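Report on one structure; see the data block that follows.
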Amino acid sequence: MSDLTLDHWILMPIVLPALMAPAIVLAMRHDLVLQRVFSIAATFALLGIAIDLTFQAAGGPPQLYELGNWDAPFGIVMVLDRLSALMVLLTAILAVGVVLYATTSGWDKRGRHFHALFQFQLMGINGAFLTGDIFNLFVFFEVLLIASYGLMLHGGGAKRARAGLQYVAVNLMGSTLFLFAVGTLYGVTGTLNMADLAIQVSRVPASDQALLQIAGVLLLIVFAVKAALVPIQFWLPGAYANAPGPVAALFAIMTKVGAYAILRVYTLVFGGGAGDAAWLAADWLMPAAIVTLAVGMIGVLGASGMIRQVCFAVIGSMGTLMIAIALFTPEATVAALYYLIHSTFAAAALFLIADLVVARRGADGDRLRTAPRFPQSGLLAGFFFAGAIGMAGMPPLSGFLGKLLVLDAAMSSPSMALIWTVVLTTSLICIVGFARSGSTLFWKSAQVGLPQVGDTAAEEDASPVPPPAPSTMTMAEGLPFAAAGLMLAGMVALSAFAGPITDYLEGTAWQLYNPVAYIQAVLGPDAFTGQ
Amino acid sequence: MELLVASAVGAMTASGLYLVLRARTFPVIVGLAMLSYAVNVFLFATGRLAIDLPPVISDTAEAYTDPLPQALVLTAIVISFGMTAVIVVLALRAYLESGTDEIDTAAGECEAGQPNADTSHAAEGAEAGR
């Protein structure tokens, strides 16, 4: 590979989908087969690039890409460190599963431009992970949000349009707040480059401290909207439950964009070197995270439908993740990142499984009540069981290890007793919630329609009796299962390779809590002496 | 001048917030537009207010105003304009498909339970309108 390609390699996760999306819209809009081929090929190529970038990031200091060759802090920069490489890789793995599922299940036929919007969404997500400039982060947030509006409405329908309206309104409010926060931050520090902010924040005079901290907390609210933290979690169940199944699975990474932004900004800019504003987020984040976990898991218990149940499980898992982030120690961050990877796979797997179930139940949809048995209910029950075990955090899947790491990291915290109580109690609530829905959907429903069943309420629903489930699947039916199985396999791999992965994460946490290398990579070796 | 700009931002934000909290889509959209105006003026002021100063280098200039906020405002205007267009189209579509423009009838509730009396009533109204 030539030096020129190497120099621009960091930009590829943004450029590839950014070129692919318009190509799909302009050249292939009448041919679904071409769209599918190119979209899948581009997603696999993205996976390859992400793997390569992760190896690069693991082997050295943070790498810098200056757009237009303008030096930081004057130009916009992209930075590849271990954290951003990890997030890009996670996005690529998730994207492969989602695009395979959307293609094989026929979701991409139900409306126009699915693949183009999907590629734009990947561009926005990857850009948000790679950028080193806070206003550029805003721009990439908007790119991924605009694509997500289109994807959420894919397939149409009144309910989806109304849920989409709420989703767009909430996110527009979030964008406005983001601009207020960025404007205040610029007014106080005179820079928008994150590495430069890290230096300037420590030099803010005492008279401007109040403004600076207001900007910091406003920014935290913006990221909390994205991460669905209490008290701004209310938009998530409506939006995700009404989105198409594969889109909801892709949205599993969207809440993590908020988590990533919190981790990045509040370790780099408002981290240990920020003077009076150091560790600004910790005091606010911890209570919000604990309540989020409780609200999410109680929602799992009370949800009326299978998809909404998964939505609340996503909120709960964000709570667990945020507890680990809010501790702001290297050990806790390792736990947070491990749990972040795990909960992305778990949520995506459950959304895809729920979509498979809903597609087979017909009029009963995702409602938690007994209904006639449907084809492949045994296999789906197994998948759901595995996904629910992962989400609830029971062994042997990675959720157990993730929660164990979080609990272990909380040992040294002053609020250890509270964290342990809430995490363990909500795990139990989550298990009960998923056990209830699993037994209703698969176990009790398996009896419905068989002649010896005497349950009158169920028999009303049971007519006419469907044909017995075929024991073998065709190839076309099997492929969506393979895509959902890929997400479950992700959890299995995460527990099987927990050792090497936590090694990588320890290096990531070390980089986050020693930001000197990051700042020097962006601003040059004499960043701290200059100005 | 600072007082004028600050009170304009404050007034627009306050009225925008009030409108966003209304129950129908039209005031909400107008409120979001008001908020985006407020934030644009606010961003413009973050480089400090200055009169008769050029933002780009010139030989005759004695001092400069900060050019960066002007670039930020341009970006923010383009994005908020596009977003407002999206939400207007979306609100129209939601209204035409569901027959009501109330923003917070929880979509999940209609889905989970019995058909919502409120929605069916509103749908009748929409049909009568046609």
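The sequence lines fix the lettering, A, B, ..., with proteins before strands; numbering per chain opens at 1. Predicted, not measured: the structure shown is a model, and the values here were computed from it.
Only the side chain of B:I79 comes within less than 4.5 Å of a heavy atom in chain A; its backbone stays farther off. Neither the backbone nor the side chain of A:L177 comes within contact range of chain B; no heavy atom of the residue lies under 4.5 Å from a heavy atom of that chain. Of the atoms belonging to B:L72, heavy atoms from both backbone and side chain fall under 4.5 Å from chain A. If you measure heavy-atom distances from B:I29 to chain A, you find no contacts under 4.5 Å at all. For a residue to count as touching a neighbouring chain, one of its non-hydrogen atoms must lie under 4.5 Å from one of that chain's; by this rule B:T25 touches chain A with the side chain only.
Taking each heavy atom of B:L90 and A:V168 in turn, the nearest pair found is CD2-CG2, 3.4 Å. Looking at every heavy atom in both residues, A:F180 comes nearest to B:V39 through N-CG2, 3.6 Å. Here the closest non-hydrogen pair linking B:R93 and A:G156 is NH2-CA, 3.1 Å. The two atoms that bring B:T46 and A:G183 nearest to each other are CG2-O, 3.0 Å, heavy atoms only.
Of the possible polar contacts, none joining the A:R162 side chain to the B:E97 backbone as a donor-acceptor pair under 3.5 Å is found.
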Candidate pair B:V86 and A:Y149, rule side chain to side chain contact (heavy atoms under 4.5 Å, CB included), full reasoning: CA-CA 9 Å; B:V86 168; A:Y149 302 154; 4.3 Å; yes
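Of the inter-residue distances, the one linking B:F42 atom CZ with A:T184 atom OG1 reads 3.5 Å to the nearest 0.5 angstrom. Between the OG atom in A:S175 and the CG atom in B:L35 there is a gap of 11.5 Å [rounded to 0.5 Å].
Between B:L17 and A:M173 the shortest side-chain heavy-atom distance falls below 4.5 Å.
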